[in-house]
Amino acid sequence: MADKPANRTAGNKQQATEEPMIQLDGKWVPAHEAWAKMEVASEAADAIECFNRKFPNLSTDSTREVVPVVRQRLKDVQLRMPKKPQDAPDLGPVAFDLLARMSPEEAVESIQRDFDQALSLLDLISLAGEEAYLASLAREADEYRVNAILPEQTAQIWNEMKRPAPGGGLWTSKRVDEILQQAQS
């Protein structure tokens with residue numbers, strides 16, 4: 001079986017969308033074109049077979065041999081249907097669970113790896129909810145605090161990481177302190 005090239009239209013231009021393809025004589029052709037060609041070939045084989053039956057004295061070896069060859073070729077046609085897009089899994093609960101045990105960046109990487117879904121941090125927050133995102137940050141900020149990293153330094157680190165701050169803007173030591181206080185209460 002020949003490898004299927006990129007989808008082509010009648011003018012052999014590449015298409016942006018996937019369409020059903022049929023392999024005819026080792027070449028992949030858009031299904032709508034192939035069906036038309038197959039219909040013509042089938043009708044021609046029927047007409048030749050009818051001719052051979054009605055006029056056996058006029059038929060030749062070639063006209064008698066062509067009908068089974070055409071019918072066999074039509075049976076050997078292969079159809080390749082495009083894959084249906086799979087319903088995307090609900091990543092909200094997954095994102096929520098991941099943020100409960102890892103950093104936002106690790107959660108994004110995990111979703112990319114396990115579900116082949118590219119997400120931004122904003123997408124992750126949208127899926128898991130801001131509360132789960134802030135809880136993840138609060139755990140990290142507390143770990144930083146235990147290791148004598150000041151809220152100002154934490155804010156600077158998070159700004160460099162381009163982590164979204166609640167309500168927009170940049171992280172400040174005040175915002176980091178608020179997250180730490182909310183986590184302790």
Side-chain angles (χ1 to χ4, degrees), residues 1-23 27-35 78-185:
M1 179 171 111
D3 289 335
K4 183 195 83 58
N7 288 338
R8 295 177 290 177
T9 62
N12 289 335
K13 295 179 184 174
Q14 288 192 3
Q15 284 185 262
T17 59
E18 186 87 7
E19 66 178 302
M21 302 291 280
I22 293 180
Q23 187 179 35
K27 296 178 184 158
W28 288 96
V29 181
H32 66 280
E33 292 176 21
W35 288 122
Q78 297 179 25
L79 173 66
R80 188 203 56 76
M81 293 295 291
K83 292 180 181 176
K84 292 182 181 179
Q86 297 176 345
D87 291 335
D90 182 10
L91 296 177
V94 172
F96 183 87
D97 290 341
L98 291 173
L99 282 176
R101 54 186 158 76
M102 57 181 65
S103 76
E105 291 77 16
E106 291 169 330
V108 166
E109 288 175 14
S110 179
I111 289 172
Q112 171 67 41
R113 180 185 61 248
D114 297 343
F115 297 95
D116 197 27
Q117 295 285 323
L119 299 177
S120 68
L121 286 177
L122 291 174
D123 295 332
L124 180 72
I125 296 166
S126 177
L127 285 171
E130 191 173 277
E131 190 173 314
Y133 171 68
L134 294 177
S136 175
L137 295 182
R139 280 193 322 277
E140 187 174 311
D142 190 48
E143 186 178 314
Y144 285 171
R145 183 187 55 74
V146 168
N147 289 302
I149 296 174
L150 299 172
E152 294 84 14
Q153 294 169 310
T154 300
Q156 182 180 358
I157 291 168
W158 289 354
N159 286 328
E160 289 172 2
M161 294 175 80
K162 300 192 182 324
R163 285 185 173 170
L170 297 175
W171 286 101
T172 62
S173 61
K174 182 179 178 187
R175 285 184 167 183
V176 173
D177 280 331
E178 288 172 358
I179 288 176
L180 285 168
Q181 289 173 7
Q182 287 175 350
Q184 292 173 353
S185 53

Enquirer: How long is the gap from CG on Leu127 to CD on Gln117, to the nearest 0.5 Å?
Expert: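 That separation rounds to 9.0 Å.
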Enquirer: Between CG of Leu170 and CG of Asn159, what distance do you get to the nearest 0.5 Å?
Expert: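 Answer for the CG-CG pair, Leu170 versus Asn159, is 4.5 Å.
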Enquirer: Taking only Lys NZ, Arg NE, NH1 and NH2, and the carboxylate oxygens of Asp or Glu, determine whether Asp177 and Lys174 approach each other closer than 4.0 Å.
Expert: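 The answer is no: the pair does not qualify as a salt bridge.
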Enquirer: For residues Leu137 and Ile179, report the shortest heavy-atom separation together with the two atoms involved.
Expert: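 Shortest heavy-atom contact: C-CG2, 4.4 Å.
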Enquirer: Considering all heavy atoms of both residues, which atom of Ala118 and which atom of Gln112 are nearest to each other, and what is their separation?
Expert: CA-OE1, 3.1 Å
Enquirer: With a cut-off of 6.0 Å (strictly less than), are more than 12 heavy atoms of other residues, nucleotides or ligands near OH of Tyr144?
Expert: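 More than 12 within 6.0 Å, yes.
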Enquirer: Tell me whether the count of non-hydrogen atoms from other residues, nucleotides or ligands lying under 6.0 Å of CD in Glu131 goes above 12.
Expert: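 Not buried by this count: 12 neighbours or fewer within 6.0 Å.
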Enquirer: Does atom CG (Asn147) have a neighbourhood of more than 12 heavy atoms from anything else shown, all under 6.0 Å?
Expert: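 Count over threshold, so yes.
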Enquirer: Let me confirm one number: the CD1-CD distance from Ile125 to Glu130, rounded to the nearest 0.5 Å.
Expert: 7.0 Å
Enquirer: Which atom names give the shortest non-hydrogen contact between Ala95 and Leu124, and what distance separates them?
Expert: CB-CD1, 3.7 Å
Enquirer: For the backbone of Leu150 and the side chain of Thr154, can you confirm whether one donor and one acceptor N or O come within less than 3.5 Å of each other?
Expert: yes
Enquirer: Tell me the closest heavy-atom pair linking Leu122 and Pro164, and the distance in Å.
Expert: CD2-CG, 3.6 Å
Enquirer: Once you measure the plane-to-plane angle for Trp158 and Trp171, does it fall in the parallel (<30°), tilted (30-60°) or perpendicular (>60°) bin?
Expert: perpendicular
Enquirer: To the nearest 0.5 Å, tell me how far Ser136 OG sits from Arg101 CZ.
Expert: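 The OG atom of Ser136 sits 11.0 Å away from the CZ atom of Arg101.
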Enquirer: Locate the shortest heavy-atom distance separating Ala165 from Arg175; write the atom from each residue and the value.
Expert: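 Nearest pair, atom of Ala165 first, then Arg175: CB-NH1, 2.9 Å.
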Enquirer: For a side chain to side chain donor-acceptor pair (under 3.5 Å) check, start with the C-alpha distance between Ser126 and Asp123, then their side-chain angles and the critical distance, and finish with the verdict.
Expert: CA-CA 5 Å; Ser126 177; Asp123 295 332; over 6 Å; no
Enquirer: side-chain contact (heavy atoms from CB on, under 4.5 Å) for Leu121 and Lys162? Distances and angles first, verdict last.
Expert: CA-CA 9 Å; Leu121 286 177; Lys162 300 192 182 324; 5.9 Å; no
Enquirer: Got a donor-acceptor contact below 3.5 angstrom from the Gln181 side chain to the Glu178 backbone?
Expert: no
Enquirer: If you take all heavy atoms of Arg163 and Pro104, which pair is closest and at what distance?
Expert: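 What the structure gives for the nearest pair is NH2-CD, 3.7 Å.
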Enquirer: Take Arg139 and Asp142 through the side-chain contact (heavy atoms from CB on, under 4.5 Å) test and state the conclusion after the steps.
Expert: CA-CA 5 Å; Arg139 280 193 322 277; Asp142 190 48; 5.8 Å; no
Enquirer: I need the Ile149 CD1 to Glu140 CD distance, nearest 0.5 Å.
Expert: 9.0 Å
